[in-house]
Amino acid sequence: MLLPDLAVIAGLMARYRAHEHRFLAAPHDGEARMRFEDTAYTLCVLMGERTAREAVVAAERYVARGRRKQGPAEEGAAPRRRAPR
């Protein structure tokens with residue numbers, strides 16, 4: 001199974017949280033709602049989940065697991081790629 005880049009998912013989660021905050025602050029703002037829903041949909045696609053809640057949980061776990069695999073010396077570095085078999 002192909003897995004998304006850890007940095008892409010981490011960045012997308014940051015955008016999701018920012019859009020969520022803006023949408024909750026102004027629930028009648030159509031632009032804020034559209035950006036929030038677009039970000040949630042992208043998370044669903046990348047994480048292979050059907051709902052935004054499931055995608056967010058999966059993304060949070062994926063990012064946490066990726067950060068645990070990177071040691072403190074590698075923090076911020078690009079994740080290692082496996083060689084094809």
Side-chain angles (χ1 to χ4, degrees):
M1 179 171 131
L2 289 176
L3 297 174
D5 183 67
L6 182 63
V8 170
I9 297 300
L12 191 59
M13 281 301 299
R15 277 192 296 164
Y16 175 86
R17 293 295 182 206
H19 291 313
E20 177 184 43
H21 179 74
R22 286 186 198 109
F23 173 65
L24 292 175
H28 299 294
D29 181 350
E31 180 74 18
R33 181 183 190 96
M34 183 182 69
R35 289 180 186 268
F36 177 61
E37 289 178 352
D38 285 350
T39 307
Y41 175 78
T42 302
L43 270 174
C44 287
V45 170
L46 290 176
M47 298 311 299
E49 299 293 345
R50 294 182 133 206
T51 69
R53 177 57 44 210
E54 291 169 345
V56 167
V57 169
E60 287 171 341
R61 287 181 182 156
Y62 182 66
V63 170
R65 189 170 44 244
R67 288 186 176 151
R68 276 195 305 267
K69 286 182 181 180
Q70 291 179 344
E74 295 181 59
E75 195 67 33
R80 294 181 186 159
R81 305 226 183 238
R82 286 184 170 175
R85 291 182 183 208

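The structure displayed is predicted, hence computed values, not measured ones. Side-chain atoms are counted along with the backbone in the values below, which use heavy atoms only and exclude waters and symmetry mates.
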Distance check, rounded to the nearest 0.5 Å: [X] atom [atom1] versus [Y] atom [atom2]?
{"X": "D5", "Y": "L12", "atom1": "CG", "atom2": "CG", "result": "11.5 Å"}
{"X": "D29", "Y": "M34", "atom1": "CG", "atom2": "CE", "result": "9.5 Å"}
{"X": "E31", "Y": "F36", "atom1": "CD", "atom2": "CZ", "result": "14.5 Å"}
{"X": "H19", "Y": "L24", "atom1": "NE2", "atom2": "CG", "result": "13.0 Å"}
{"X": "L43", "Y": "R53", "atom1": "CG", "atom2": "CZ", "result": "10.5 Å"}

Among R15, H21, M13, the one residue meeting side-chain contact (heavy atoms from CB on, under 4.5 Å) with R17
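In the set R15, H21, M13, the residue that makes a side-chain contact (heavy atoms from CB on, under 4.5 Å) with R17 is M13.
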
Would you name the heavy atoms of M47 and A55 that are closest together and state the gap between them?
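Where M47 meets A55 most closely, the heavy atoms are CG-O, 3.8 Å.
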
Which heavy atom in A26 sits nearest to a heavy atom in A32, and how many Å separate them?
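In this case the closest contact between A26 and A32 is O-CB, 4.5 Å.
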
same_hphob_cluster(L3, V8) at 4.5 Å side-chain heavy-atom cutoff
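Per the 4.5 Å side-chain linkage, L3 and V8 are co-clustered.
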
Give me the other members of the hydrophobic cluster that Y41 sits in, counting Ile, Leu, Val, Met, Phe, Trp and Tyr linked by side-chain heavy atoms under 4.5 Å, directly or via other members.
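Joined to Y41, directly or through intermediates: V45.
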
Restricting to salt bridge (charged side-chain N to carboxylate O under 4.0 Å, His left out), what partner residues turn up for R61, sequence neighbours left out?
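R61: no salt bridge (charged side-chain N to carboxylate O under 4.0 Å, His left out) contacts found.
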
Mind checking what makes side chain to side chain contact (heavy atoms under 4.5 Å, CB included) contact with R33, not counting sequence neighbours?
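With sequence neighbours excluded, R33 shows a side chain to side chain contact (heavy atoms under 4.5 Å, CB included) to F23, E37, given in chain and number order.
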
Whether the side chain of Y62 engages the backbone of P4 through a donor-acceptor N/O pair (distance < 3.5 Å, no angle test) should be reported.
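Such a contact is found between Y62 side chain and P4 backbone.
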
